[in-house]
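Everything quoted here is computed from the prediction, not taken from an experiment. Chain naming here is simple, since letters A, B, ... match the order of the sequence lines and numbering starts at 1 in each. All values below were derived from every heavy atom in this structure, side-chain atoms included, with hydrogens, water molecules and symmetry-related copies excluded.
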2 protein chains.
Amino acid sequence: MSRPKTQPYHHGQLREALATSGRALLEEKGIRGFTLRECARRAGVSHAAPAYHFASIDDLLAELATRGFDELAGAMAAEAARADGSATGQLVAQGIGYMAFAAGNPALFQLMFSREANRLDTAPLAAASEAVRALHAAAVETAIPHASGEIKQRMTDFAGASMHGFIALVLESEIGGKDSSRALKARGLALLSVMAETVVRVGA
Amino acid sequence: MSRPKTQPYHHGQLREALATSGRALLEEKGIRGFTLRECARRAGVSHAAPAYHFASIDDLLAELATRGFDELAGAMAAEAARADGSATGQLVAQGIGYMAFAAGNPALFQLMFSREANRLDTAPLAAASEAVRALHAAAVETAIPHASGEIKQRMTDFAGASMHGFIALVLESEIGGKDSSRALKARGLALLSVMAETVVRVGA
DNA sequence: CTTTCAATCTTGACGTTGGAAAGAGGCGAA
DNA sequence: TTCGCCTCTTTCCAACGTCAAGATTGAAAG
């Protein structure tokens, strides 16, 4: 019976199960409605079972945020991989991946970029969010390889702020409250296009 | 004794006191650490006293968010009033007011633009946030009065996304983790400047 | 000035939460 | 088989939001 030794016992995959049910719960109830006990309930274990895998509810939230950043980086990289070779290609493609992830996981996205997550700041979480930042910086580097360091920093600020701000405002329905998803996508693309062109123009 | 009849009794100004202590508590503990009972404690009343003034904890949070939007609009308008007459003046000045408010009230700012606040959505809250949006749209209008409606909308998206995204990322220390406040201000101003120039250029 | 009375606050209770402590159960090593 | 550790359950506690009931007060009415 050569079972992988990482499936030890009773429930076996509790950590994974909690991350999964937690993620769903977060999207359903929002950050304020998120409870450890409901999370455990959905995983089919007693309310104190999570304690062995997560030191506290904040620890579980940190794990969710960390996985979110990993997935976000994946989404950005996947889009970027199929971008054309133009100067703005990477930047726009990554932006599409970024916005798509946010739109698909609004509550998780907000958790990742919330002050609460900042307060948690475990090492893996910091590393995962740093990876996303690095990916973004690389896209700017590709767009304006010959610009000065200061310009590159300014344009990284600018590009990151534009794409993050747009989707953040959309999620809060501060932008396009009643608009269709299709119309919002068009507006998002238009924004990314203006953003990328500006980066290249200023960085030239 | 012609006291204003709106100062009725015991504590008298409980609603105000709760809004004040609630705001401070929110900044201290964050949205997850915010509790009605602690709020009441700080106002010097029993744990159930708030119920008379606020139907629920969400109702109190909605009030805080509403006041936040009012104050944000005030900050934007105050900065804009002392702007020069250039095309980009209003836009940059409002952006400064916007970022200054966010930097001074990070937790409140995040509450205002959180999915939770969206869920609350009382009429006054919707009106207050709409007022901020209108102020911003007016600044874009001033910058590019002759552009088409679609361009104006796109540039409103763009300008709002840039300024909101930048300060949002700063608050989460996703931008400039260890930088001084002075350096961050410079980066914010640089961003606003690029943003405003782009609006005018594209809208021309 | 006394009497009402409605608005405001307090007390006490209920169900739920996060977390700690202690015990039960099963798996792998000896 | 026995032992010991890892995993989960049970039980308990303080604190939470909310409700219901009672107490307190300022001010209007007589």
Could you go over nucleotides 12-14 of chain C and give all protein N or O partners under 3.5 Å, atom names and distances?
| unit_1 | atom_1 | unit_2 | atom_2 | d |
| --- | --- | --- | --- | --- |
| C:dG12 | O6 | B:His47 | NE2 | 2.9 |

C:dA7, OP1 or OP2 - any side-chain N/O from B:His53 closer than 4.0 Å?
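Answer is no, no contact under 4.0 Å.
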Output the rounded distance in Å from [atom1] ([X]) to [atom2] ([N]).
{"X": "B:Ile57", "N": "D:dA15", "atom1": "CD1", "atom2": "P", "value": "17 Å"}
{"X": "A:Glu16", "N": "D:dT7", "atom1": "CD", "atom2": "P", "value": "14 Å"}
{"X": "B:Asp58", "N": "D:dT18", "atom1": "CG", "atom2": "C1'", "value": "12 Å"}
{"X": "B:Glu38", "N": "D:dG17", "atom1": "CD", "atom2": "C1'", "value": "15 Å"}
{"X": "B:Arg32", "N": "C:dT17", "atom1": "CZ", "atom2": "C1'", "value": "11 Å"}
{"X": "A:Tyr52", "N": "C:dA21", "atom1": "OH", "atom2": "P", "value": "16 Å"}
{"X": "B:Leu61", "N": "D:dC16", "atom1": "CG", "atom2": "C1'", "value": "14 Å"}
{"X": "A:Leu36", "N": "C:dA20", "atom1": "CG", "atom2": "P", "value": "11 Å"}

[X]: partners by side-chain hydrogen bond (donor to acceptor under 3.5 Å, both in side chains), with sequence neighbours left out:
{"X": "A:Glu71", "answer": "A:Arg23"}
{"X": "A:Ser114", "answer": "none"}
{"X": "B:Thr122", "answer": "none"}
{"X": "B:Thr198", "answer": "none"}

Quick one: pull up OG1 in B:Thr88 and CD1 in B:Ile144 and give me the separation to the nearest 0.5 Å.
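B:Thr88 atom OG1 to B:Ile144 atom CD1 measures 12.5 Å (nearest 0.5 Å).
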Rounded to the nearest 0.5 Å, how far apart are CG of B:Leu91 and CD1 of B:Ile96?
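So the CG of B:Leu91 and the CD1 of B:Ile96 are separated by 11.0 Å.
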Reckon A:Ser46 touches a base, only the sugar-phosphate, or nothing at all at heavy-atom distances under 4.0 Å?
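Base, at least one base heavy atom under 4.0 Å.
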Is B:Arg41 touching bases, backbone alone, or none of the nucleic acid, heavy atoms closer than 4.0 Å?
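The answer is sugar-phosphate, as B:Arg41 gets under 4.0 Å only of primed atoms, P, OP1 or OP2.
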ring-ring contact (aromatic ring centres under 6.0 Å, His included) with A:Phe109: which residues, sequence neighbours excluded?
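ring-ring contact (aromatic ring centres under 6.0 Å, His included) check on A:Phe109 returns A:Tyr98, A:Phe113, A:His164.
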Selected nucleotide, minimal atom distance to A:Thr35 side chain, candidates C:dC9, C:dG18, D:dC8:
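The listed nucleotide nearest to A:Thr35's side chain is C:dG18.
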